[in-house]
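The next block holds one structure in the form of structure tokens; read it before the comments.
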Amino acid sequence: MPEGPSIVILREAVHSFTGKKVISAKGNTKNIDFTQLEGTKIIAFKSWGKHFLIRFPKFTIRIHLLLFGTYRINERKDSPARLSLTFAKGEELNFYTCSVTRIDQPLDEVYDWSADVMNEQWDSKSALSKLKKQPAALICDALLDQHIFAGVGNIIKNEVLFRTHIHPESKAGKIPLAKLKQLVNETVIYSFQFLEWKKEFTLKKHWLAHTKKICPRDHIPFKKSYSGITRRRSFYCEVCQKLYR
DNA sequence: TGGAATGTTGGAAC
DNA sequence: CGTTCCAACATTCC
């Protein structure tokens with residue numbers, strides 16, 4: 001469910017609820033006071049990386065779907081909702097097994113919009129300079145660093161590294177600048193490609209590396225390892241993905 | 001059927 | 001006190 005592009009799909013799916021008044025708020029989250037939502041209007045829906053943000057006049061509700069989070073629009077699951085918002089005419093938004101928190105500061109103080117790969121304010125140069133400040137970091141870790149690439153998850157990581165021919169355990173500081181620029185650019189391109197394929201329900205079909213056993217370029221077995229400090233699984237080809245070290 | 005997975009956090013350990 | 005590391009959370013799929 002929850003890499004950045006999937007959160008964009010969620011944001012687009014609930015867009016018509018903008019401006020609507022919450023009639024009642026319920027759920028099993030212990031982090032928020034439901035009564036403060038009731039009777040207030042949603043000003044806007046936003047997202048930052050994997051964070052889904054519901055703006056109310058005086059505060060924001062942040063929803064993070066983590067690994068297993070789901071939602072339903074004008075429908076319910078059998079399991080209890082973490083947060084359930086109901087509106088006039090029986091309309092409702094339901095969120096399950098997610099993290100729900102309240103943000104009281106202005107969002108511009110909380111979020112660096114230029115770090116969100118899906119945001120129009122995304123800034124490749126900024127990402128590049130952050131990478132340069134962490135020369136010892138493995139690139140598989142850097143790609144998952146939400147301060148640099150907010151919204152990138154393990155699927156995007158594996159796909160982008162394969163597409164740019166970079167070994168996941170390469171050191172950020174050892175990758176030539178031109179190659180690093182290519183990586184940053186490809187991360188954004190693939191994230192939007194992910195968005196389109198996800199909307200078409202053809203995302204998995206287009207995976208070249210993630211969960212794959214054979215390299216489609218060299219037709220030899222992929223390596224699978226739990227690499228970096230993040231210890232997330234990496235799928236890569238030792239022949240066509242260069243290790244910079 | 002048990003184990004692993006598109007992820008993050010809080011607190012223990014040092 | 002700062003940093004690091006790992007258990008915990010919880011659902012779905014194979």
Side-chain angles (χ1 to χ4, degrees), chain A residues 1-13 27-32 47-53 60-72 75-84 94-103 110-112 115-118 133-134 136-163 168 186-213 222-236:
Chain A
M1 208 60 223
E3 296 197 28
S6 298
I7 304 306
V8 170
I9 290 172
L10 163 59
R11 200 187 67 213
E12 292 176 353
N28 61 16
T29 177
K30 294 178 175 117
N31 289 341
I32 62 164
S47 62
W48 180 85
K50 301 164 190 170
H51 297 206
F52 176 61
L53 303 164
T60 301
I61 297 296
R62 189 204 82 176
I63 292 182
H64 200 304
L65 297 177
L66 298 160
L67 211 46
F68 311 121
T70 51
Y71 59 89
R72 292 290 185 274
E75 284 177 16
R76 293 178 189 186
K77 294 180 69 173
D78 292 334
S79 53
R82 189 80 85 225
L83 176 65
S84 172
N94 298 304
F95 299 92
Y96 304 86
T97 52
C98 54
S99 142
V100 180
T101 50
R102 171 176 158 152
I103 298 173
V110 180
Y111 293 111
D112 171 9
D116 176 5
V117 297
M118 304 304 290
K133 285 177 187 162
Q134 301 185 41
L138 300 191
I139 201 64
C140 58
D141 290 329
L143 273 167
L144 293 173
D145 184 338
Q146 300 298 294
H147 300 293
I148 308 177
F149 298 103
V152 170
N154 208 36
I155 296 171
I156 296 176
K157 177 197 84 177
N158 281 318
E159 290 298 309
V160 168
L161 289 172
F162 179 75
R163 281 153 212 264
E186 183 63 27
T187 300
V188 176
I189 290 167
Y190 179 75
S191 294
F192 279 92
Q193 186 71 78
F194 181 126
L195 174 64
E196 294 312 311
W197 284 331
K198 183 86 183 172
K199 284 178 176 174
E200 294 172 358
F201 306 100
T202 62
L203 181 67
K204 278 188 193 180
K205 190 180 88 182
H206 287 96
W207 284 346
L208 299 178
H210 192 252
T211 72
K212 296 294 175 180
K213 301 232 185 298
F222 267 128
K223 290 287 174 186
K224 177 183 168 187
S225 72
Y226 292 81
S227 41
I229 53 172
T230 45
R231 313 256 59 167
R232 304 295 302 280
R233 53 183 188 162
S234 294
F235 300 86
Y236 58 95

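Order of the sequence lines fixes the chain letters, A, B, ..., with proteins taken first and strands second; residue numbering starts at 1 for each chain.
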Practice item. Check whether the side chains of A:Thr101 and A:Asn31 place a donor and an acceptor atom closer than 3.5 Å, and report yes or no. Key: no

**Study point:** B:dT9 versus C:dC1 - spacing of their P atoms, nearest Å
**Key:** 23 Å

Review point. What's the closest nucleotide to the A:Lys77 side chain, out of B:dT9, B:dG7, C:dT12?
Key: C:dT12

Study note, to complete from the structure: Against the side chain of A:Leu67, the closest entry in B:dG7, C:dA10, C:dT12 is B:dG7

Exercise for review: Report yes if at least one side-chain N or O of A:Arg233 is closer than 4.0 Å to OP1 or OP2 of B:dA5; otherwise report no.
Suggested key: yes

Check your understanding: Does a side chain donor of either A:Lys50 or A:Ser6 reach within less than 3.5 Å of an acceptor in the other side chain?
Key -> no

Review point. Between A:Arg62 and A:Tyr111, what is the shortest heavy-atom contact and its length?
Key: CD-OH, 3.5 Å

Exercise for review: May I ask you to evaluate whether A:Tyr226 reaches the phosphate of B:dA5, defined as a side-chain N or O under 4.0 Å from OP1 or OP2?
Suggested key: yes

Check your understanding: Within the structure, does a side-chain N or O atom of A:Arg232 lie under 4.0 Å from either OP1 or OP2 of B:dG7?
Key -> yes

**Study point:** Close side-chain approach of A:Arg233 and A:Tyr226, heavy atoms under 4.5 Å
**Key:** yes

Revision key, fill the gap. A:Arg72 atom CZ is separated from C:dT11 atom C1', nearest whole Å, by 12 Å

**Study point:** Distance between P atoms of B:dT1 and C:dA10 (Å, rounded)
**Key:** 23 Å

Point to revise | Minimum heavy-atom distance A:Ser227-A:Asp141, with the two atoms named | key: O-OD1, 4.2 Å

**Study point:** Interatomic distance, A:Lys198 NZ vs B:dT6 P [rounded to whole Å]
**Key:** 12 Å

Check your understanding: More 5' along DNA chain C: A:Pro80 or A:Ile229, using each one's nearest nucleotide?
Key -> A:Ile229

Check your understanding: Rounding to a whole Å, what distance do you find between A:Asn158:CG and B:dT6:P?
Key -> 8 Å

Review point. Does C:dA8 pair with anything, Watson-Crick or G-U wobble, both distances under 3.5 Å, and if so, with which nucleotide?
Key: B:dT8

Review point. For A:Lys50 and B:dT8, is the shortest distance between a side-chain N/O and OP1 or OP2 below 4.0 Å?
Key: yes

**Study point:** Rounded distance [0.5 Å steps], CD in A:Glu3 versus CG in A:Leu144
**Key:** 8.5 Å

Point to revise | Separation of atom CZ in A:Phe68 from atom P in B:dT8, rounded to whole Å | key: 13 Å

Check your understanding: Which whole-number value in Å describes the distance from A:Asn31 CG to B:dT9 C1'?
Key -> 12 Å

Point to revise | Under 4.0 angstrom between A:His64 side-chain N/O and B:dG7 OP1 or OP2 | key: no

Review point. To the side chain of A:Thr97, which of B:dA5, C:dT11, B:dT6 is closest?
Key: C:dT11

Revision key, fill the gap. Whole-Å distance, A:Tyr71 OH to C:dT12 C1', equals 16 Å

Exercise for review: Assign A:Arg231 to base, sugar-phosphate, or nothing according to its heavy-atom contacts below 4.0 angstrom with the strands shown.
Suggested key: nothing

Review point. A:His210 NE2 to B:dA5 P: how many Å, rounded?
Key: 9 Å

Review point. Taking only N and O in the side chain of A:Lys30, is any of them less than 4.0 Å away from OP1 or OP2 of C:dC9?
Key: no

Review point. When you compare B:dT6 with C:dC5, how far apart are their C1' atoms, in angstrom units rounded to a whole number?
Key: 23 Å

Exercise for review: Pick base, sugar-phosphate or nothing for A:Lys204, based on heavy-atom distances below 4.0 Å to the nucleic acid.
Suggested key: nothing

Exercise for review: Rounded off to whole Å, could you give me the CG-to-P distance for the A:Leu161 and B:dT6 pair?
Suggested key: 14 Å

